[in-house]
Amino acid sequence: MFRLSAEPIDPGALARSLSDPRAGACATFEGWVRSRNDGRPVRSLEYEAYLPLAEKEGARILAEAAARFPLLRAACVHRTGALALGELAVWVGVTAEHRGAAFDACRYIIDEAKARVPIWKREHYADGTAGWINAAPAAGGPPPPP
Amino acid sequence: MFRLSAEPIDPGALARSLSDPRAGACATFEGWVRSRNDGRPVRSLEYEAYLPLAEKEGARILAEAAARFPLLRAACVHRTGALALGELAVWVGVTAEHRGAAFDACRYIIDEAKARVPIWKREHYADGTAGWINAAPAAGGPPPPP
Amino acid sequence: MKSVRVRYFAILREQRGLAEERLETGALTAGEIYAELSARHGFTLPPERLRAALNDEFAPWGATVREGDILAFIPPVAGG
Amino acid sequence: MKSVRVRYFAILREQRGLAEERLETGALTAGEIYAELSARHGFTLPPERLRAALNDEFAPWGATVREGDILAFIPPVAGG
């Protein structure tokens, strides 16, 4: 299940939704809004998404993960709208019988989601300026993780 | 922070305890009691630990992870006593600026904890028998993950 | 000439000053339409940094755009 | 002869029938004490499948055990 959420994400409820009697492992990833990016103090940020295409691409990524790894269930929820420092921006969870598949699939999903799902981040800096991430005319240097 | 817990683990509270304004990533691992192991239906299980040595070895593993990976905070809590199917047996969480370190450190901690911390698992099977895992006189075949 | 719906996101939406418009154009492909709009509005992103989407699905720049299609330009994504 | 506290866990605790005992022994090392106890109680695990711990810290089998020490035998672990 991939979805975009304009409301705060509830990680506990999401993790419970992945439970399965066969599951021995649950790996999760949470992306949090941090107070600096590339050395600049960040005050808040906003996410914009191309809704129908983002949901299609997200569902494709989850289907790919299920085909590549022996997982039981997987979910990814990404926030849209304005977020404060420390808020949960994206949640990924995977259950599997064994931990290798849970970790590998979780990482696959977040790596692909960040590279492919049409979601954009605009950071508001402490000095009052703001900017879209990755929007420079030339792709300069390696893209910052995560 | 590594500890053993005779009481149910609260993953939400643990994840909050890892928050840090610089953290952009939180990777967690949960080990759940599953309904079969090596093809045998499991009814419940119990964990026994060598308390002072388990806590020392767990603390060493967390210190090693902090030395190897650029993480911000890390915690691991392992249950002791009787557990029902689906219950949370072990929780690992790591926060870092970037997701690579969070994933790598989380996996390092659970891999090492399972290999080194003196904790033992006794499974109770649906047919009324029970047995200690990994306790065969000869180490037969690869140890089962996770 | 045909009428196409164009959607803009993120920096392109800011540079265009709106999120969606109806465009009358004689251009044939997604790439030709981006070139036309880019020249008119001064978009800073070159096409090699963008992807095109047609009717809510990714499409190659050479895809033919038809009457009534929804065309979108996807700036480099930055989720997570 | 000296007096040593011996702790048993998991399958060793079951096979010994108790979790801890005080042992009077003339054996010098952790390995010699395990051999003595294993012969007496029929432990199924060979020493190469175990680790020794002395005073709540891992120790080599050749470690000298002294009066009053706490000696533990660690069966193959199985956390998680």
Side-chain angles (χ1 to χ4, degrees), chain B residues 2 4-5 29-34 37-38 45-61 76-80 83 88-92 107 109-123 130-140 143-146, chain D residues 4-23 29-31 33-66 68-80:
Chain B
F2 180 92
L4 295 164
S5 173
F29 173 79
E30 300 186 0
W32 296 351
V33 179
R34 62 207 171 97
N37 188 16
D38 274 334
L45 56 76
E46 60 192 290
Y47 285 104
E48 177 174 337
Y50 181 178
L51 203 74
L53 184 50
E55 292 188 330
K56 280 186 210 173
E57 190 71 356
R60 276 193 285 259
I61 291 167
C76 177
V77 180
H78 201 296
R79 275 296 306 277
T80 57
L83 276 78
L88 182 50
V90 56
W91 186 92
V92 180
R107 191 152 185 176
I109 292 164
I110 186 64
D111 286 352
E112 295 297 310
K114 289 172 76 88
R116 292 163 47 187
V117 176
I119 296 173
W120 299 274
K121 174 159 61 177
R122 187 166 190 260
E123 287 181 340
W132 293 98
I133 302 303
N134 287 350
Chain D
V4 175
R5 278 174 62 196
V6 182
R7 297 189 66 178
Y8 300 103
F9 296 97
I11 193 168
L12 283 179
R13 178 177 53 70
E14 283 194 352
Q15 292 180 347
R16 180 63 187 92
L18 43 78
E20 185 169 336
E21 65 181 328
R22 189 163 287 279
L23 178 74
T29 66
I33 294 176
Y34 185 72
E36 175 184 331
L37 291 167
S38 191
R40 189 178 307 162
H41 303 297
F43 297 152
T44 53
L45 283 164
E48 61 269 22
R49 302 260 296 135
L50 301 176
R51 297 182 72 181
L54 210 49
N55 302 317
D56 299 338
E57 195 49 87
F58 290 115
W61 283 114
T64 302
V65 181
R66 297 193 165 75
D69 277 355
I70 303 168
L71 176 63
F73 303 115
I74 315 284
V77 305

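What you see is a predicted model; the values in this text were computed from it and never measured.
A side-chain donor-acceptor contact under 3.5 Å links B/Tyr47 to the backbone of D/Gly80. Between the side chain of B/Arg122 and the backbone N or O of D/Ile11 there is no donor-acceptor pair closer than 3.5 Å.
Looking at every heavy atom in both residues, B/Pro118 comes nearest to D/Ile74 through CB-CG2, 4.1 Å. Across every non-hydrogen atom of D/Phe9 and B/Glu48, the tightest pair is CA-OE2, 3.4 Å. Heavy atoms only, all atoms of each residue included: B/Ala115 and D/Val77 are closest at O-CG2, 3.4 Å. Here the closest non-hydrogen pair linking B/Pro137 and D/Pro46 is O-CD, 3.1 Å.
The stretch residues 50-62 of chain D places D/Ala53, D/Asn55, D/Asp56, D/Glu57, D/Phe58 near chain B, each with some heavy atom under 4.5 Å from a heavy atom of that chain.
The choice from B/Ile110, B/Val90, B/Leu53 that makes the most heavy-atom pairs within less than 4.5 Å of chain D is B/Leu53.
We find the CZ-CH2 distance between D/Arg13 and B/Trp120 to be 10.0 Å, quoted to the nearest 0.5 Å.
If you measure heavy-atom distances from D/Glu48 to chain B, you find no contacts under 4.5 Å at all. For B/Glu30, no part lies near chain D; criterion is any non-hydrogen pair under 4.5 Å. Contact annotation for B/Arg116: only backbone heavy atoms (N, CA, C, O) come within less than 4.5 Å of a heavy atom of chain D.
In this structure, the side chains of D/Pro75 and B/Trp132 stay at 4.5 Å or more apart for every pair of heavy atoms.
Atom CZ of B/Arg60 is surrounded by more than 12 heavy atoms from other residues, nucleotides or ligands within 6.0 Å.
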